[in-house]
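In what follows, every heavy atom counts, from backbone to side chain, and hydrogens, waters and symmetry copies are set aside. Order of the sequence lines fixes the chain letters, A, B, ..., with proteins taken first and strands second; residue numbering starts at 1 for each chain.
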There are 2 protein chains.
Amino acid sequence: MSEATRAPVARALSVLEAMNAAHSLHLGDIAARAGLPKSSAVRLLDQLIEAGYVEKLSRSAGYRLTSRVQRLSWGFRLSDAVVEAAEPLMRDFTKEYRWPLFIGVVDGDQMIVRYGTVAESPVAIDPLVYEAPSPFLLGALGQAYLAFCPDWERKLIVARLGRSRRSIDQPAKNPEEFEKILRGIRRRGYALTSGGLRQMKRGMPKRASDARQRVTGMAVPVMRGDRVLACLSLRYMHAVISEQEVATTHLEPLRELAREVERTTRQMTTAGSGKRE
Amino acid sequence: MSEATRAPVARALSVLEAMNAAHSLHLGDIAARAGLPKSSAVRLLDQLIEAGYVEKLSRSAGYRLTSRVQRLSWGFRLSDAVVEAAEPLMRDFTKEYRWPLFIGVVDGDQMIVRYGTVAESPVAIDPLVYEAPSPFLLGALGQAYLAFCPDWERKLIVARLGRSRRSIDQPAKNPEEFEKILRGIRRRGYALTSGGLRQMKRGMPKRASDARQRVTGMAVPVMRGDRVLACLSLRYMHAVISEQEVATTHLEPLRELAREVERTTRQMTTAGSGKRE
DNA sequence: TCCCATTATTCCGTTGAACGGAACGACCTC
DNA sequence: GAGGTCGTTCCGTTCAACGGAATAATGGGA
C-alpha cells in the first residue's frame, strides 16, 4: 500500500472536489485530478454512488455529481466565511493592541457575537460566549450594522424591532431621533455602546466580578459592496482610556483590520468559483 | 464491529450533513444526528479536521464547518438539479408516448442538450450525445428559451448572438422579424425546430443514416418564477405525425411534465434549507 | 469490416485503518 | 464537594482499503 498515509475519507472528499472542478468527467480525469490510481478512484466513486452523491451516466459520458452534494455545505453561509477569515486577523490585532475584539453578524432579528479574542487579551473583561446575542440598538455592533447597511435593510430591521415588546428595543419607536444618532455614526465612522454598565454574563468567574467596570465597544463595519457582512468591535474600559484616545490611536488600525477581513473573505469565497475545466 | 456494513466514507459524509443541519455542534449532537457512536464520531471528525473541512472551537463550543466545505458542491448548479429532477420523469413520458424527449439548458452563449430519452424510445432518431450544443436560434430548445425568458436576458443573448459571425446565428440580426416569431411561440405555448433537415451527428451509427428523416422538435419551458431553468423538447418525425396531431395529443402531457419538473426541482433545492436546529 | 490504441473494469493477496465498548478525565450544577 | 453529564482515550479484533496487473469494452481509423 503506497499511499497508506491518507485516510480514505480524505481521498473521497478530494474526488468530490475534483468533480466540482469540471462536470461530467471521465474516470481518467477524475483520478488524475484527485491524484489517485484509477482502481482506487473507481472504488471511491462506487462508494459515493452508493451514498447518493454521484451518479454514473454511462461508460462514455462518465460520472456526474447529484444534488445531494448540496447537503454537504448548504448550512455554511457567507457570514461563516467572514468569521473564519476574521479570526486569525483579530488575534493578531489583540496581541498588538491588547484590547479584546469581538465580531458579530446579523442572524434573523438579532446581532450575534460569533467570536472574540478574549484568550489573546491580557485584559480580562468578559468571558467568550460563542453565539451570544447582542442587543441590536444599544450595542456598538448593532448600531454599526444599522448605520452602514442599505436603507431597505435598515427599514426592515427597525420596523421589526418597533413591533418588539422588549424595553431594550424601544429606541426604534423614535425614528427621527434614532436616525440622528445613525448619521453621527456614519460621520465618525464608528459606533459606541450606549447604555451604561454591561450586565454580568452567566458563567463569569467570581474574581472577575470585582473588576466590574464601565466597558465600551467601538465598532466598525466589514462591508461587501453596500452590504454589511459583519461588524468588529473593540472593547475597552472607560477608566483606563478615553474615547478620544482610543479613536486617535486604535481607530485607523481597526478600520484597516476590517478592510483586511473584507479582502480575505473575498478571496475565500471566490477562489475556485471561476471558470471550470 | 456492529456497523461494519456502512463504509467510512459514507459515515464521514453523514457527519458533514449532520453539521450542516446546525452550526456549532457538540460532539453528542453530531454523533446522535449522524447515528454513530461517539468514539466513531470523534475519529471521523478528526479526519475531517485533518482534511480541513471542520475546525474545533473548544471543548465546550464544539465543532464548526470551515469554508472548505463549499468546495464539495460549488460546481453543482441549479441547472444540474433541474436535469436530475427531469430525467426519471422524462423516461416515464417516453415510455408512455414513445417519442424521445430532450432537455437543454443555457450554458454561456449556447444551448446545451443535457439528457435525452433515446434509450427508452423505440423510435431511434438521434444517438444521445451528452453535453451536445444546440443552435440557439434554429433549434426548438433555444427558441423556447428565448420566447419565455425575461426581457433583459433575451436582450443580452440576442445582442451577443448578433455579434456572432456564424451564419446559424444570423436571424438575430433581424430583430423585429425575430420578435414576431417569438410572439407566435408565446401565443402557442411551444416552439418548433426551424431550418430543415437536421444535420447528421458525429458518432451516429451507419444504419441510422438510412432513416434520415425530417425531424422536428416541439419545445416547452421549465420555469422558476420568471426565469427559464431549462427547456424540454419532444422530437418527432414529420413523415409519421403532423404538427397539428402532436399538438393535440402530446402538448398538454408535455406541459404537465414541465410543471412536474418544476415542482420536483423546487423540492430538491429547498428541502433541508429551512430553519436550522 | 477489421484492427489497434485507448480507456474502463475486475481480480486478488496483503495490510493497515476503522471499529466501538469501556475506562478515564474534565467540567458544570446543585 | 459530591454527583452527573459529556468529551476523550485506549486497545484488541476484524474487515475494508489498497493498487498492480490482467481483462474487457469501446471507438476511431484504415
What's the CG-C1' distance between A:D46 and D:dA17, to the nearest Å? 13 Å
Side-chain contact check for A:K56: nearest option of C:dA8, C:dA26, C:dA18 is C:dA8
Could you state the atom-to-atom distance from CG of A:L25 to C1' of C:dT7 in whole Å? 15 Å
In this structure, how many angstroms lie between the P atom of C:dC19 and the CG atom of B:L45, rounded? 12 Å
Can A:R11 and A:S14 be counted as having a side-chain donor-acceptor contact under 3.5 angstrom? no
Selection from D:dT9, C:dC19, C:dA17 that lies nearest to any side-chain heavy atom of A:P8: C:dA17
Among A:L16, A:L65, A:T66, which residue meets the side chain to side chain contact (heavy atoms under 4.5 Å, CB included) test with A:L48? A:L16
For atom CG of A:L36 and atom P of D:dG19, their distance in whole Å: 7 Å
Picking from C:dT9, D:dA17, D:dT8, which would you name as closest to the side chain of B:L27? D:dT8
Any side-chain N or O of A:Q47 below 4.0 angstrom from OP1/OP2 of D:dA16? no
Taking D:dG7, C:dT10, C:dG20 as options, the one with an atom nearest any side-chain atom of A:S39 is C:dT10
Rounded distance (Å) that lies between atom C1' of D:dC6 and atom OH of B:Y63: 11 Å
A:R59 atom CZ is separated from C:dT6 atom P, nearest whole Å, by 15 Å
Rounded to whole angstrom units, what separation is found between the CG atom of A:L44 and the P atom of D:dG19? 9 Å
Picking from D:dT9, D:dG19, C:dC19, the nucleotide nearest the side-chain atoms of A:R43 would be D:dG19
Starting at the 5' end of DNA chain C and moving along, which residue's nearest nucleotide shows up first, A:G28 or B:S60? A:G28
For atom CD of A:E55, decide whether the heavy atoms of other residues, nucleotides or ligands shown that lie under 6.0 angstrom number more than 12. yes
B:S73 and A:S73: side-chain donor and acceptor closer than 3.5 Å? yes
Nearest whole angstrom, please: distance from the P of D:dG19 to the NZ of A:K38. 14 Å
If we ignore angles and hydrogens, is there a donor and acceptor under 3.5 Å between the side chains of B:R91 and B:Y115? yes
Hey, is the side chain of A:R11 poking within less than 4.0 Å of OP1 or OP2 on D:dG19, counting only N and O atoms? yes
